[in-house]
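Numbers here are sequence positions counted from 1.
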Amino acid sequence: MAFDLSPAIEANIPELAQIWQSSFRSYDIWAASMRNVSSEDELAFYTKALTVRMKLPNTVVTKITERETKKIVAWSMMSKPHTKTPEEENVPKPPSLRPDTTDLRIWATHERSAGIMKAHGYDPTTDFSRSGLLVDPSYQKLGLGTRLAVFDNEIADEAGARIWVIASSNSKKLFLSLGFVVLGTESVVLEESEDGGKKVGTLSITMREPKGREAE
């Protein structure tokens, strides 16, 4: 199979949302936070979230397409460094797109992790932040996630900027292999059994220095 990498456009959102939904079913914290959300409401959330994010001036979305079928099989999203204009600063915060039946206790893990990232020095005016790296389950183990991650890292390297990732247990190994270091973690109990056992999910706050500056 041959694959092509290119920028994603708004017309791709339905396919991107489908991959988001199918790939995140194996992501423990996300799956737990969405366990009471219907499949239809979950897909609608992904579609709305992508629509909002892809309109932002600093969002970079890259897709991988299977050459023969023209099917999108993987994509990544990250935020470029951006200083808000006075007009952007004065725009009212939009209402939450989160489904009403989301488990807020588990969802809050992502918000706390974002706070930890800022506490460790993340600066949206100078740093990149990756917010998605997703591969269709039928196309996993083909190196597509690595290809996207390396491509995004090269963009940050060219800009001489750090890139940050809040990594799930599924993706942590990949990012560590590409030069990211863990600066902090945030955990949440996902399930408790009657015998007192607990299933815990953990997010890792990771950062990669631009190539050539790792030793500084």
Side-chain angles (χ1 to χ4, degrees), residues 3-13 15-16 19-20 23 46 49-65 72-91 93-94 110-135 142-168 170-186 203-216:
F3 301 93
D4 297 311
L5 187 150
S6 62
I9 59 175
E10 289 188 48
N12 300 141
I13 287 176
E15 286 184 85
L16 303 180
I19 295 172
W20 190 346
S23 65
Y46 299 145
L50 282 164
T51 299
V52 171
R53 286 295 303 275
M54 291 183 73
K55 291 183 184 297
L56 298 177
N58 63 321
T59 297
V60 178
V61 184
T62 306
K63 65 182 178 181
I64 290 181
T65 306
I72 298 174
V73 297
W75 60 274
S76 67
M77 179 164 59
M78 67 176 179
S79 298
K80 298 185 295 184
H82 178 67
T83 300
K84 289 184 178 181
T85 65
E87 291 77 13
E88 290 172 330
E89 290 284 2
N90 292 326
V91 172
K93 185 176 180 180
H110 298 95
E111 297 172 346
R112 292 196 299 272
S113 296
I116 293 172
M117 190 167 78
K118 289 182 180 179
H120 279 281
Y122 168 66
D123 184 345
T125 68
T126 58
D127 299 339
F128 286 79
S129 173
R130 182 182 284 110
S131 51
L133 180 64
L134 308 101
V135 181
L142 297 176
L144 302 182
T146 300
R147 184 175 175 183
L148 283 167
V150 169
F151 178 79
D152 288 344
N153 290 349
E154 289 174 347
I155 293 175
D157 286 344
E158 186 175 348
R162 301 181 298 182
I163 183 169
W164 296 73
V165 178
I166 298 175
S168 68
N170 294 11
S171 62
K172 177 182 174 182
K173 182 178 179 180
L174 167 63
F175 291 121
L176 293 182
S177 73
L178 295 176
F180 286 79
V181 294
V182 177
L183 300 179
T185 60
E186 182 65 25
L203 294 176
S204 298
I205 293 78
T206 71
M207 184 272 292
R208 177 182 179 273
E209 293 282 357
K211 191 173 181 180
R213 287 180 47 191
E214 296 92 336
E216 292 184 13

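The CE atom of Met77 sits 10.0 Å away from atom OG of Ser129, with the distance rounded to the nearest 0.5 Å. Taken from CD1 in Ile13 to OG1 in Thr51, the straight-line distance is 3.5 Å, to the nearest 0.5 Å. With values rounded to the nearest 0.5 angstrom, Leu203 atom CG is found 9.0 Å from Thr185 atom OG1. Taken to the nearest 0.5 Å, the NE2 atom of His120 stands 5.5 Å off from the CG atom of Leu183. Within the model, atoms CD1 of Ile163 and CD of Glu209 stand 12.0 Å from one another, a figure rounded to the nearest 0.5 Å. To the nearest 0.5 Å, the span separating NZ on Lys84 from CG on Asn90 amounts to 10.5 Å.
The minimum heavy-atom distance between Ile19 and Val73, with the atom names listed, is CD1-C, 3.8 Å. What you find for Ser76 and Leu133 is that their closest heavy atoms are CB-CD1, 3.8 Å. Of all heavy-atom pairs spanning Ala114 and Ile166, the tightest one is N-CD1, 3.7 Å. Counting all heavy atoms, side chain and backbone alike, Gly121 lies closest to Trp164 at C-CZ2, 3.8 Å. Taking both residues in full, the closest heavy atoms of Lys63 and Pro7 are given as CE-O, 3.5 Å, listed atom of the first, atom of the second, then distance. Of all heavy-atom pairs between Asp123 and Thr125, the closest is OD1-OG1, 2.7 Å.
A donor-acceptor contact under 3.5 angstrom links the side chains of Arg53 and Ser79, judged on distance only.
Trp75 and Trp20 have perpendicular rings, their planes meeting at more than 60° on a 0 to 90° scale where under 30° would count as parallel.
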message: Test side-chain contact (heavy atoms from CB on, under 4.5 Å) on Leu16 and Met54; report intermediate values, then the result.
response: CA-CA 11 Å; Leu16 303 180; Met54 291 183 73; 4.1 Å; yes

- prompt: Is there a side-chain contact (heavy atoms from CB on, under 4.5 Å) between Lys80 and Ile155 once you walk through the steps?
  reply: CA-CA 9 Å; Lys80 298 185 295 184; Ile155 293 175; 5.7 Å; no

- prompt: Can you list the steps and then say if Ser113 with Ile205 is a side-chain contact (heavy atoms from CB on, under 4.5 Å)?
  reply: CA-CA 7 Å; Ser113 296; Ile205 293 78; 4.1 Å; yes

query: Yes or no on salt bridge (Lys or Arg N to Asp or Glu O under 4.0 Å) for Arg208 and Asp157, after CA distance, side-chain angles and deciding distance?
result: CA-CA 10 Å; Arg208 177 182 179 273; Asp157 286 344; 2.8 Å; yes

- request: Step by step, work out the side-chain contact (heavy atoms from CB on, under 4.5 Å) result for Phe128 and Arg162.
  value: CA-CA 6 Å; Phe128 286 79; Arg162 301 181 298 182; over 6 Å; no

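Two residues are said to be in side-chain contact when any heavy atoms from C-beta on lie closer than 4.5 Å; Phe180 and Asn153 meet this criterion. Phe3 places a side-chain heavy atom less than 4.5 Å from the side chain of Leu142.
Side-chain atoms of Glu88 come within 3.5 Å of backbone atoms of Thr85 as a donor-acceptor pair (strictly under, hydrogens ignored). Under a 3.5 Å cut-off, the side chain of Ser168 and the backbone N or O of Asn170 do form a donor-acceptor pair. Here the side chain of His82 pairs no donor or acceptor atom with the backbone of Asn58 at under 3.5 angstrom.
Listed by chain and number, the residues in a side-chain hydrogen bond (donor to acceptor under 3.5 Å, both in side chains) with Glu10 are Lys55 (sequence neighbours excluded). Qualifying side-chain hydrogen bond (donor to acceptor under 3.5 Å, both in side chains) partners for Thr62, counting only residues two or more places apart in sequence or in other chains: none.
Shown here is Glu89, whose CD atom has more than 12 heavy atoms of other residues, nucleotides or ligands within 6.0 Å.
Applying the salt bridge (Lys or Arg N to Asp or Glu O under 4.0 Å) definition to pairs two or more places apart or across chains, those involving residues 146-155 are Arg130-Asp152.
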